[in-house]
Amino acid sequence: MPQHERGRGPDPRITLARLRVFVSVAELDCSVSRAADELRQTPNAVRQNLDLLQSAFAGRSLFAQDRRGLSVFGTEVYRQAREMMDRWGALSDAGSSTLRITFLPQHAHLVSAVMRRLRVTVADERPGGDAGGRDGRSDDHIECTTNVLGEQDRSMVVFEENVIGSLLHGATDLVIGPPPRRVGDPPALDRHRLYTSRLEAMIDSAEVEAEAENEAEHGIELRDLVRRRLLVPPLPARSRQMLEREIAEHIADDPGIAARVAHEAYGTKVLVAFGQDGHGTVVVPSDIALPFKSGSSFAGTRAGSFRWVPVRRDGVDLTQEVYATTRVDPGERALRVVRELRAVVRETGLDAAAEPRERPGTPDLARGAAARAAVTGARGPSA
């Protein structure tokens with residue numbers, strides 16, 4: 001190989017800034033206008049960056065012909081560019097004592113409460129109210145920064161590739177959400193169970209009272225749910241995948257997705273608005289439903305007209321686990337935050353596995369209680 005080729009560096013048109021533009025466009029449904037808003041650039045500037053980047057690849061197209069997705073080549077460029085950006089972020093934070101927490105919107109109240117607890121604890125531990133260190137902080141002070149994910153990050157593919165990928169590459173320190181599918185060999189990640197959420201349906205209060213006037217808690221069986229018009233997250237979401245899997249395996253007379261799904265949206269506000277106006281029955285996990293329940297500071301005036309009830313199959317709740325995921329041996333600061341997260345979960349009663357959910361007198365009570373005991377007993381505080 002000639003000397004000038006061996007020593008040749010990367011094409012100068014491939015810059016970190018242009019890769020960042022491409023990654024933003026790719027993650028926003030290939031929308032130039034949305035990426036321009038996020039990056040605070042003009043659409044023309046975004047297009048120019050994309051054109052220069054594409055020219056560096058000998059004109060190979062980064063996007064599909066309809067511009068609604070990435071080409072095969074663009075998908076590979078995106079994967080490598082995303083990893084490069086994660087590693088750049090990790091390098092930028094090298095030596096920092098700040099703990100970086102990434103979470104989905106439904107976990108904001110947990111993270112906010114933990115940050116408040118850490119701040120109060122540090123203040124209480126200062127003798128006489130004075131700071132413990134020269135910089136005005138006690139020795140065990142934990143400074144946290146947060147990265148709130150978008151609704152689209154509830155897609156399992158996006159979550160696994162982007163969010164867990166960022167954790168593996170060192171761009172974040174702790175992720176709250178589904179357990180990762182890949183941990184490496186040897187394992188590169190530690191999973192710390194936080195709580196169990198259950199699938200819930202938003203039902204008109206009058207209907208609930210008419211059907212179960214004397215029952216302490218009402219639930220809806222899966223076989224009855226499939227006869228309704230449903231308002232649900234899209235298929236890439238984990239809760240929707242669980243729902244479809246349960247239906248496929250246990251409901252022989254399922255009318256099919258086209259017949260039972262009235263509307264799909266990642267935004268729970270959208271689903272609740274449609275549900276309150278009678279367009280269908282909202283079905284989402286209990287932690288996502290929490291802000292929309294009567295009594296919540298975020299619930300609207302119409303929340304009292306509806307009840308959120310568990311979705312069940314043969315009397316047993318349909319559930320899924322939520323974890324805090326860290327890298328292996330994350331250090332005491334990250335483990336302290338995990339302990340505080342678990343404390344907040346206990347105080348808020350968020351864990352659906354922490355108490356019996358089967359109704360007294362149902363024929364499946366013993367089987368349901370035994371199954372739940374097996375689930376909660378088999379798991380330690382972390383997995």
Return the minimal non-hydrogen interatomic distance between [X] and [Y], and the atom names on each side.
| X | Y | result |
| --- | --- | --- |
| V345 | T348 | O-OG1, 3.2 Å |
| L271 | P233 | CD1-N, 4.0 Å |
| R117 | A343 | NH2-CB, 3.5 Å |
| L167 | L174 | CD1-N, 4.1 Å |
| V338 | A324 | CG2-CB, 4.2 Å |
| G315 | E221 | N-OE2, 2.7 Å |

Notebook entry, point to check: Once the angle between the rings of F274 and H263 is folded into 0 to 90°, is it parallel (under 30°), tilted (30 to 60°) or perpendicular (over 60°)?
Noted result: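 Parallel: the ring planes of F274 and H263 meet at under 30°.
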With a 4.0 Å cut-off, would you call [X] and [Y] a salt bridge?
| X | Y | result |
| --- | --- | --- |
| R333 | E143 | no |
| E27 | R34 | no |
| R228 | E207 | yes |
| R307 | D204 | no |

So, do [X] and [Y] sit near enough that their side-chain heavy atoms are less than 4.5 Å apart?
| X | Y | result |
| --- | --- | --- |
| F57 | V77 | yes |
| I176 | L104 | no |
| V163 | V158 | no |
| D317 | L199 | no |
| R47 | V32 | yes |

Would you check if the side chain of [X] reaches a backbone N or O of [Y] as a donor-acceptor pair within less than 3.5 Å?
| X | Y | answer |
| --- | --- | --- |
| S24 | R20 | no |
| E244 | L235 | no |
| S112 | H109 | no |
| S296 | F292 | no |
| E200 | V283 | no |
| S71 | S61 | yes |
| R229 | A259 | yes |
| R327 | A188 | no |
| D153 | G150 | yes |
| D277 | H279 | no |

Next item on the list: Could you walk me through whether S305 and S205 pass the side-chain hydrogen bond (donor to acceptor under 3.5 Å, both in side chains) test, one step at a time?
Entry: CA-CA 5 Å; S305 300; S205 295; over 6 Å; no
Should [X] and [Y] be regarded as members of a common hydrophobic cluster, given that ILVMFWY residues are connected when their side-chain heavy atoms come within less than 4.5 Å of each other, either directly or indirectly?
| X | Y | result |
| --- | --- | --- |
| F73 | F63 | yes |
| V337 | L110 | yes |
| V111 | V322 | yes |
| M242 | I288 | no |
| L28 | V25 | no |

Surrounding [atom1] of [X] (heavy atoms of other residues, nucleotides or ligands, distance under 6.0 Å), is the total greater than 12?
| X | atom1 | value |
| --- | --- | --- |
| E332 | CD | yes |
| Q241 | CD | yes |
| D253 | CG | yes |
| R60 | CZ | no |

Next item on the list: Check the pair T325 / H192 against side-chain hydrogen bond (donor to acceptor under 3.5 Å, both in side chains), numbers first and verdict last.
Entry: CA-CA 6 Å; T325 303; H192 313 267; over 6 Å; no
Measure the [atom1]-[atom2] distance between [X] and [Y] for me, rounded to the nearest 0.5 Å.
| X | Y | atom1 | atom2 | value |
| --- | --- | --- | --- | --- |
| L222 | D314 | CG | CG | 9.0 Å |
| L350 | L194 | CG | CG | 9.0 Å |
| L189 | R181 | CG | CZ | 14.5 Å |

Next item on the list: Check whether NZ of the Lys or CZ of the Arg R154 lies under 6.0 Å from the centre of the six-membered ring of Y266 and within 45 degrees of that ring's axis.
Entry: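 Output no; distance or angle outside limits.
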Margin query: Tell me whether the NZ or CZ atom of R193 lies within the 45° cone about the ring axis of Y323 and under 6.0 Å from its centre.
Written below: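 Relative to the ring axis of Y323, which defines the angle, R193 lies outside at least one limit.
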Next item on the list: Would you check, one step at a time, whether the test side chain to side chain contact (heavy atoms under 4.5 Å, CB included) holds for I203 with F306?
Entry: CA-CA 5 Å; I203 308 293; F306 297 87; over 6 Å; no
Margin query: Out of the candidates R223, R312, R240, R313, only one should pair with E246 under the salt bridge (charged side-chain N to carboxylate O under 4.0 Å, His left out) rule; please name it.
Written below: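 Only one of R223, R312, R240, R313 forms a salt bridge (charged side-chain N to carboxylate O under 4.0 Å, His left out) with E246, namely R313.
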Notebook entry, point to check: Is the closest side-chain donor-acceptor distance between T172 and T102 under 3.5 Å?
Noted result: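 Note: T172 and T102 side chains meet the donor-acceptor criterion.
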Note to self: For E321 and T196: C-alpha separation, side-chain torsions, deciding distance, then whether side-chain hydrogen bond (donor to acceptor under 3.5 Å, both in side chains) applies.
What the structure shows: CA-CA 5 Å; E321 306 295 331; T196 300; 2.8 Å; yes
Item checked: Check against side chain to side chain contact (heavy atoms under 4.5 Å, CB included), M202 and T281 -> CA-CA 6 Å; M202 191 180 81; T281 299; 5.6 Å; no
